[in-house]
Amino acid sequence: ISNAVTLQKTVEYIGKLQQERQAMQEEVKRLREEIEELNTSINVCQEQLPATGVPVRRHRFDHMQEKFNEYVKSRTLQNWNFWIFSIIIKPLFESFNGMVSTTSRAELCQTTLQWLDRHCSLPVLRPMVLSTLRQLSTTTSILTDPSLLPEEAVQAATRTDASSFSQRN
């Protein structure tokens, strides 16, 4: 009797395991179909993106400009000389921000090298710095009363109109 009961219990257990296996296989099949649908949906979305990546929007440019201005303000409050450096470097920052793409590592490297070639050669830098220094000398008291420059630098950096120096020109 015990062998018959053992065999019966074994048959019932094997049947139960087969049902569980069948249920798991159906779940795997359903999940694979769901994965396939999601991959198709992802591909459709990717096909709608521009080939060159997501374009730089004005919001990003404005956000970077805001961050630049915050940094200039912070550093100028620590050392007013930084403001002079910031007005010299600002045209480079703006050209970098407008030209360099961060859509991929390769794009970043390529556009950065292009930017360096176009904007950081000595023939390009000399007139840019000269123009900035000319503006600095005509819009501040650096030539007439240099002792006022630290105060002017701090005031210019803390103005709320973001780019006080370039707007005064």
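Side-chain contact between His119 and Met128 is absent, with no heavy atoms from C-beta onward closer than 4.5 Å. Using a 4.5 Å heavy-atom threshold, the side chains of Leu108 and Ser101 count as separate. By the 4.5 Å heavy-atom criterion applied to side chains, Glu107 and Val100 are not counted as neighbours. A heavy-atom distance below 4.5 Å is not found between the side chains of Val124 and Arg118.
The side-chain hydrogen bond (donor to acceptor under 3.5 Å, both in side chains) test applied to Asn3 returns no partner, not counting sequence neighbours. In this structure, the side-chain contact (heavy atoms from CB on, under 4.5 Å) partners of Glu151, at least two apart in sequence or on a different chain, are Gln155. With sequence neighbours left out, the side-chain hydrogen bond (donor to acceptor under 3.5 Å, both in side chains) criterion links Thr102 to no other residue. Residues that satisfy the side-chain contact (heavy atoms from CB on, under 4.5 Å) test with Val129, not counting sequence neighbours, are Ile88, Leu133. Every residue two or more places apart in sequence or in another chain was checked for a salt bridge (Lys or Arg N to Asp or Glu O under 4.0 Å) with Lys29, and none qualifies. With sequence neighbours left out, the side-chain contact (heavy atoms from CB on, under 4.5 Å) criterion links Ile14 to Thr10, Gln18. Annotation: salt bridge (Lys or Arg N to Asp or Glu O under 4.0 Å) contacts of Arg30 (sequence neighbours excluded): Glu27, Glu34. Looking at residues two or more places apart in sequence or on another chain, you find no side-chain hydrogen bond (donor to acceptor under 3.5 Å, both in side chains) involving Glu37. Not counting sequence neighbours, Arg105 has no partner by the side-chain hydrogen bond (donor to acceptor under 3.5 Å, both in side chains) test.
Listed by first then second residue, pairs satisfying salt bridge (charged side-chain N to carboxylate O under 4.0 Å, His left out) with a partner in residues 64-89 read Lys67-Glu70, not counting sequence neighbours. For residues 88-111, the pairs satisfying ring-ring contact (aromatic ring centres under 6.0 Å, His included) are Phe68-Phe93, Phe96-Trp115, with sequence neighbours left out.
Ser137 contributes a side-chain N or O that, together with a main-chain N or O of Arg134, makes up a donor-acceptor pair within less than 3.5 Å. With hydrogens and angles ignored, the 3.5 Å screen pairs no side-chain donor or acceptor of Ser131 with any backbone N or O of Pro127. Remark: the backbone N or O of Gln135 is paired with a side-chain donor or acceptor of Thr138 at under 3.5 angstrom.
With rounding to the nearest 0.5 Å, the separation of NE2 in His63 from CG in Asn97 is 10.0 Å. The distance from atom OG1 of Thr76 to atom CD1 of Ile87, rounded to the nearest 0.5 Å, is 10.0 Å.
Summarising the hydrophobic clusters (Ile, Leu, Val, Met, Phe, Trp, Tyr; side-chain heavy atoms under 4.5 Å, direct or chained), the residues clustered with Tyr13 are Leu17.
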